[in-house]
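Report on one structure; see the data block that follows.
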Amino acid sequence: MEHARVKTPSGVAGIRDLQESDIQNVVAYWHESSAEHLDDLGIDRDRLGCPNSTYARFHRALRSGNPDQPNIAFAITLDDEFVGYTLLNRYDPQINYSHWHITNVRRRAAGLSTALYPHRIKTYFETTPMARLIHQTRTRNVGVNRMLDKYVPVAETASIERPDGVARPGAFHIRYVLRADVPRLFEIAAGWTGA
């Protein structure tokens, strides 16, 4: 199922349900990327595991339609080509984390994250009964933090021993997004795109 389509200077960006045929792209991203890239992301190789465990993790995250599904993955597309994914990890109505990766290295500076951000958040809230999303981003991840600064202020900065996902411990910015915030995110985007 497709959830969003947005015109960008690079083409038409979209969000759709992750499909089984996409999972190998995700596995390749995590297990064929350079050690330097994984180190820049702060990835804990033990938590990441092997390619088979990554495949199994994303296979479980294929959207089933069950509102209580704990992990849901969505594909990020550009002109209908898979270029990345987002993963939503759900624990209870107030504790939910999302992860976002542009896996196609040629598309990382194309503005897709910024253009799709309100649509991504809307997709999470439309497909689940969660009440709040928590962004947990490394303080040194300048690009991601710059994009999020456009939409959501930092609520706190903390050292986290066991961050969500496969990250190593470290310093993280924490931001919160509530279901009621979704219309405001679209207003913010419209303010600087003129849409």
Side-chain angles (χ1 to χ4, degrees), residues 1-4 13-23 25-27 29-30 41-44 46-49 52-77 82 84-103 112-113 116-138 141 144-145 147-148 151-170 172-186:
M1 176 179 179
E2 187 169 67
H3 300 278
I15 299 174
R16 62 165 169 77
D17 290 347
L18 192 78
Q19 300 168 355
E20 183 145 10
S21 58
D22 299 320
I23 298 176
N25 291 316
V26 177
V27 172
Y29 170 71
W30 284 114
L41 294 176
I43 300 305
D44 182 326
D46 290 336
R47 293 181 78 187
L48 176 61
N52 286 343
S53 65
T54 299
Y55 187 94
R57 189 164 57 248
F58 281 88
H59 190 269
R60 286 190 304 272
L62 294 173
R63 194 162 80 92
S64 67
N66 176 353
D68 297 321
Q69 185 175 354
N71 313 99
I72 305 173
F74 301 94
I76 307 309
T77 60
F82 178 93
Y85 76 90
T86 181
L87 177 67
L88 178 64
N89 292 332
R90 300 176 53 228
Y91 302 97
D92 70 35
Q94 296 294 323
I95 302 176
N96 307 277
Y97 298 92
S98 70
H99 302 273
W100 173 274
H101 295 276
I102 301 300
T103 59
L112 303 180
S113 296
L116 286 171
Y117 181 79
H119 300 276
R120 171 168 60 117
I121 302 307
K122 182 181 179 197
T123 298
Y124 298 152
F125 283 108
E126 283 185 341
T127 57
T128 73
M130 71 182 200
R132 183 179 73 167
L133 175 70
I134 304 169
H135 289 303
Q136 197 178 71
T137 58
R138 286 201 183 276
N141 192 332
V144 168
N145 284 305
M147 183 276 291
L148 287 173
Y151 292 104
V152 185
V154 173
E156 62 182 300
T157 300
S159 179
I160 300 177
E161 190 61 33
R162 184 123 173 119
D164 189 67
V166 295
R168 290 191 305 258
F172 290 83
H173 288 314
I174 311 298
R175 305 169 198 251
Y176 302 100
V177 185
L178 305 178
R179 182 177 290 275
D181 293 331
V182 172
R184 182 182 56 80
L185 301 177
F186 281 93

Verify the distance criterion only: is there a donor paired with an acceptor across the side chains of R63 and T127 at less than 3.5 Å?
no
Could you report the tightest heavy-atom contact between L18 and F82, atom names first, then the distance?
CD1-CE1, 3.8 Å
Closer than 3.5 angstrom, by distance alone: can the side chain of R179 be matched with the main-chain N or O of M130 as a donor-acceptor pair?
yes
Is it the case that more than 12 heavy atoms not belonging to E156 sit under 6.0 Å from its CD atom?
yes
Student check: side-chain heavy atoms of R90 and P67 closer than 4.5 Å
no
Nearest-0.5 Å distance that lies between atom CG in L112 and atom CH2 in W100
7.5 Å
Shortest non-hydrogen pair, Y29 vs I102, comes out as CE1-O, 4.3 Å
Nearest-0.5 Å distance that lies between atom CD1 in I134 and atom CZ in R175:
13.5 Å
Rounded to the nearest 0.5 Å, how far does CD1 of I72 lie from OG of S64?
7.0 Å
Could you tell me whether the side chain of H101 reaches within less than 4.5 Å of the side chain of L41, counting heavy atoms only?
yes
Side chain to side chain, R60 and N71, heavy atoms closer than 4.5 Å
no
Heavy-atom closest contact (F172 atom, A167 atom, distance):
CZ-CB, 4.3 Å
Without hydrogens or angle criteria, can the side chains of H173 and N141 be said to hold a donor-acceptor pair below 3.5 Å?
no
Exercise: identify the closest heavy-atom pair between R138 and G42
NH2-O, 3.0 Å
Rounded distance [0.5 Å steps], CG in N89 versus CG in N96:
9.0 Å
Donor-acceptor contact below 3.5 Å, side chain Q136 vs main chain P163:
no
Out of curiosity, I15 CD1 to L116 CG, how far, rounded to the nearest 0.5 Å?
4.5 Å
Are N25 and Y85 packed together at the side-chain level, in the sense that at least one heavy-atom pair is separated by less than 4.5 angstrom?
no
Are the side chains of L88 and R120 in touch, meaning some heavy atoms are under 4.5 Å apart?
no
Out of curiosity, Y117 OH to L148 CG, how far, rounded to the nearest 0.5 Å?
5.5 Å
Heavy-atom nearest pair, F125 first then V177, reads CZ-O, 3.6 Å
Plane angle bin for H3 and F74 - parallel if under 30°, tilted between 30 and 60°, otherwise perpendicular
perpendicular
Report yes if the side chains of F58 and D22 come closer than 4.5 Å at any heavy-atom pair, otherwise no.
no
Mark yes or no for whether R132, through its side chain, and Q94, through its backbone, hold a donor-acceptor pair below 3.5 Å.
yes
If you look at every heavy atom in D164 and R47, which pair is closest and at what distance?
C-NH2, 4.4 Å
Is the shortest heavy-atom distance from the side chain of Y176 to the side chain of D181 under 4.5 Å?
no
Y151 side chain reached by R184 side chain, heavy atoms, under 4.5 Å:
no
